[in-house]
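Take a look at the structure set out below.
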There are 2 protein chains.
Amino acid sequence: MYTETAMLGLDVPLRASERAYRQLRGEILNGLLAPGAALLEVEQAERIGVSRTPLREAVARLIADGLVVGRRGRGFEVTDISVDSISELYELRQALEVQASRLAATRRDPAPFLKLRDAFLTAPDLLDQGDIGVHRYYVLIDELEDAVDAAVENPFLVGALHAVRTHLARIRRLARRNPLRLRAAAGEHLLIIDAIIAGDPLLAGHATHIHLHQSLLSVLAAIDAGSATSRSTTTAD
Amino acid sequence: MYTETAMLGLDVPLRASERAYRQLRGEILNGLLAPGAALLEVEQAERIGVSRTPLREAVARLIADGLVVGRRGRGFEVTDISVDSISELYELRQALEVQASRLAATRRDPAPFLKLRDAFLTAPDLLDQGDIGVHRYYVLIDELEDAVDAAVENPFLVGALHAVRTHLARIRRLARRNPLRLRAAAGEHLLIIDAIIAGDPLLAGHATHIHLHQSLLSVLAAIDAGSATSRSTTTAD
DNA sequence: CAACCACTCTTTGTATACAGAGACTCTTCG
DNA sequence: CGAAGAGTCTCTGTATACAAAGAGTGGTTG
């Protein structure tokens with residue numbers, strides 16, 4: 001997710017519409033543009049430093065992504081995230097990720113998953129190392145997702161997964177990390193990886209099912225706690 | 001699918017970009033714009049009768065839909081449909097429709113499905129009535145899809161399903177109808193409907209799985225036959 | 001004769017100017 | 001005092017003009 005463009009530093013010549021899209025998308029995802037925030041074309045165009053034409057193209061893409069909705073006569077607005085929508089998103093996510101795990105188990109080249117297995121075995125140590133360790137753990141999860149995507153070899157499925165992950169990124173911001181949950185999630189990931197290495201699609205699917213079930217429970221609990229108390233909560237994965 | 005806007009004749013005030021989008025989308029879906037066809041902005045804008053600005057917006061949406069891809073310095077082009085991509089699409093479709101069937105079985109209001117059950121019982125008769133009967137059968141399938149969508153009550157999942165159905169519409173054009181397959185499909189649909197009425201998510205999911213398996217087999221066989229002989233084949237659903 | 005370079009031409013990408021639709025406000029009337 | 005209506009004003013939707021990037025072509029040179 002973070003590797004979108006920054007991995008290689010070749011953002012030298014970039015279309016204005018692309019710049020506007022990435023900036024707005026990033027700001028929505030990291031919460032700088034909060035749900036419900038109004039997007040005025042001229043205002044945003046001036047802020048980003050492009051004209052209205054490319055900005056409109058960027059907004060159109062954001063609408064297609066489901067991050068923005070048009071309000072009838074009064075501009076656009078960042079979509080909001082309800083608790084209901086989280087459960088709904090997870091219903092879609094589960095369908096997609098379970099299928100992806102199954103296919104990955106069927107088609108995988110074992111090599112990258114063996115590497116990932118070793119890496120995930122060190123996850124508990126990583127999670128003892130504070131924020132940098134947590135960050136490196138999240139990088140590991142990204143790598144796992146990438147490995148699954150590559151093994152699945154299905155542009156339609158991978159595309160749908162990407163769309164889901166876009167919304168997930170916003171949800172993760174609603175709640176803080178819970179070290180206990182992260183440790184448990186690492187174990188669940190290991191189970192998925194092992195199933196993929198073993199070439200066992202049924203097991204991979206079920207392990208993914210369980211993982212997402214726990215993940216959703218954790219997210220919902222974190223949000224409940226977050227809205228009850230002020231701001232000391234938990235997140236999934 | 002056909003009911004998008006034409007059902008009620010209120011296409012009086014329509015934005016130019018929306019007109020361009022619907023026209024291009026329709027022409028791609030019904031094959032008038034064949035895979036590989038080049039889309040030049042000025043050319044298409046003049047043909048449709050809008051300026052380049054709304055046309056670009058329309059093309060952007062088509063790209064998001066996966067119906068069009070940009071070629072670096074040489075305009076845009078309608079995406080093509082390979083046999084591989086059909087199987088890939090069905091892998092995604094299966095994940096989504098199985099999940100949708102399960103959720104529909106869990107949440108359904110039985111009433112519309114009881115009506116659909118009666119209607120599908122008459123499907124064999126319908127399929128004896130030639131093209132108009134076949135057409136009415138396809139309308140039935142649309143109504144079933146709509147009923148499932150409504151029962152699922154999940155915008156994310158339904159949205160993903162819509163995207164898949166867009167591509168399916170193109171695939172259906174690749175092969176002719178096979179009356180035998182249609183009759184069998186009607187039986188499979190009945191099974192799905194019964195499972196939803198019974199509120200049995202597991203059964204609904206499995207019935208959907210089987211239906212899509214058969215559907216894919218039929219489509220692939222139809223395309224094989226169609227490319228072997230000249231043009232007398234079969235299609236699914 | 002082939003390969004490379006420069007030029008032109010096509011086509012996209014961007015900016016800006018204009019028009020129209022909808023919302024808000026202020027006023028007026030009941 | 002409230003509600004309705006007209007006017008204004010803001011913001012989107014569209015068109016067009018301009019700029020720049022890439023591809024194709026022709027010529028020239030080794």
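As the structure is a computational prediction, the values presented were derived from the model and not from experiment. Throughout, protein chains are lettered first and strands after them, A, B, ... in sequence-line order, and every chain is numbered starting at 1.
- Sequence neighbours left out, the pairs with a member in residues 29-47 of chain A that pass salt bridge (Lys or Arg N to Asp or Glu O under 4.0 Å) are E27(A)-R47(A), E41(A)-R52(A), E41(A)-R56(A).
- Going from atom CD1 of I63(B) over to atom C1' of dG13(C) covers 13 Å, rounded to whole Å.
- Evaluation of the side-chain hydrogen bond (donor to acceptor under 3.5 Å, both in side chains) rule for T53(B) yields no partner, not counting sequence neighbours.
- With sequence neighbours excluded, the residues that form a ring-ring contact (aromatic ring centres under 6.0 Å, His included) with F156(B) are H167(A).
- If you take CZ of R19(B) and C1' of dG13(D), they are 12 Å apart, rounded to a whole angstrom.
- Heavy-atom contacts from other residues, nucleotides or ligands closer than 6.0 Å to CD of E153(B) number 12 or fewer.
- With sequence neighbours excluded, no residue forms a ring-ring contact (aromatic ring centres under 6.0 Å, His included) with Y21(B).
- Contacts with DNA chain D (heavy atom under 4.0 Å) in residues 45-58 of chain B: V50(B), S51(B), R52(B), T53(B), P54(B), listed by number.
- L39(B) has its CG atom 13 Å from the C1' atom of dT11(C), to the nearest Å.
- Note: CD (E41(A)) to C1' (dA15(C)) measures 14 Å, nearest angstrom.
- Look at CD on Q44(B): it is 12 Å from P on dT11(C), rounded to the nearest Å.
- Contact check, S17(B) against dG13(D): no side-chain N or O comes under 4.0 Å of OP1 or OP2.
- The salt bridge (charged side-chain N to carboxylate O under 4.0 Å, His left out) check on D149(B) picks up R165(B), with sequence neighbours excluded.
- If you take CG of L14(A) and P of dG13(C), they are 12 Å apart, rounded to a whole angstrom.
- Side-chain contact, E88(B) with N154(A): no donor N or O sits under 3.5 Å from an acceptor N or O.
- In this entry the distance linking CD of E18(A) with C1' of dG13(C) reads 13 Å, nearest Å.
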Tabulate atom names and distances for all N/O pairs under 3.5 angstrom spanning the protein and nucleotides 8-10 of chain C.
none

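- The distance from atom CD of E77(B) to atom C1' of dT11(C) is 15 Å, rounded to the nearest whole Å.
- Residues passing the ring-ring contact (aromatic ring centres under 6.0 Å, His included) test with H189(A), sequence neighbours excluded: F120(A), H211(A).
- Applying the side chain to side chain contact (heavy atoms under 4.5 Å, CB included) criterion to T208(A), with sequence neighbours excluded, gives E97(A), V98(A), S101(A), I192(A), L212(A).
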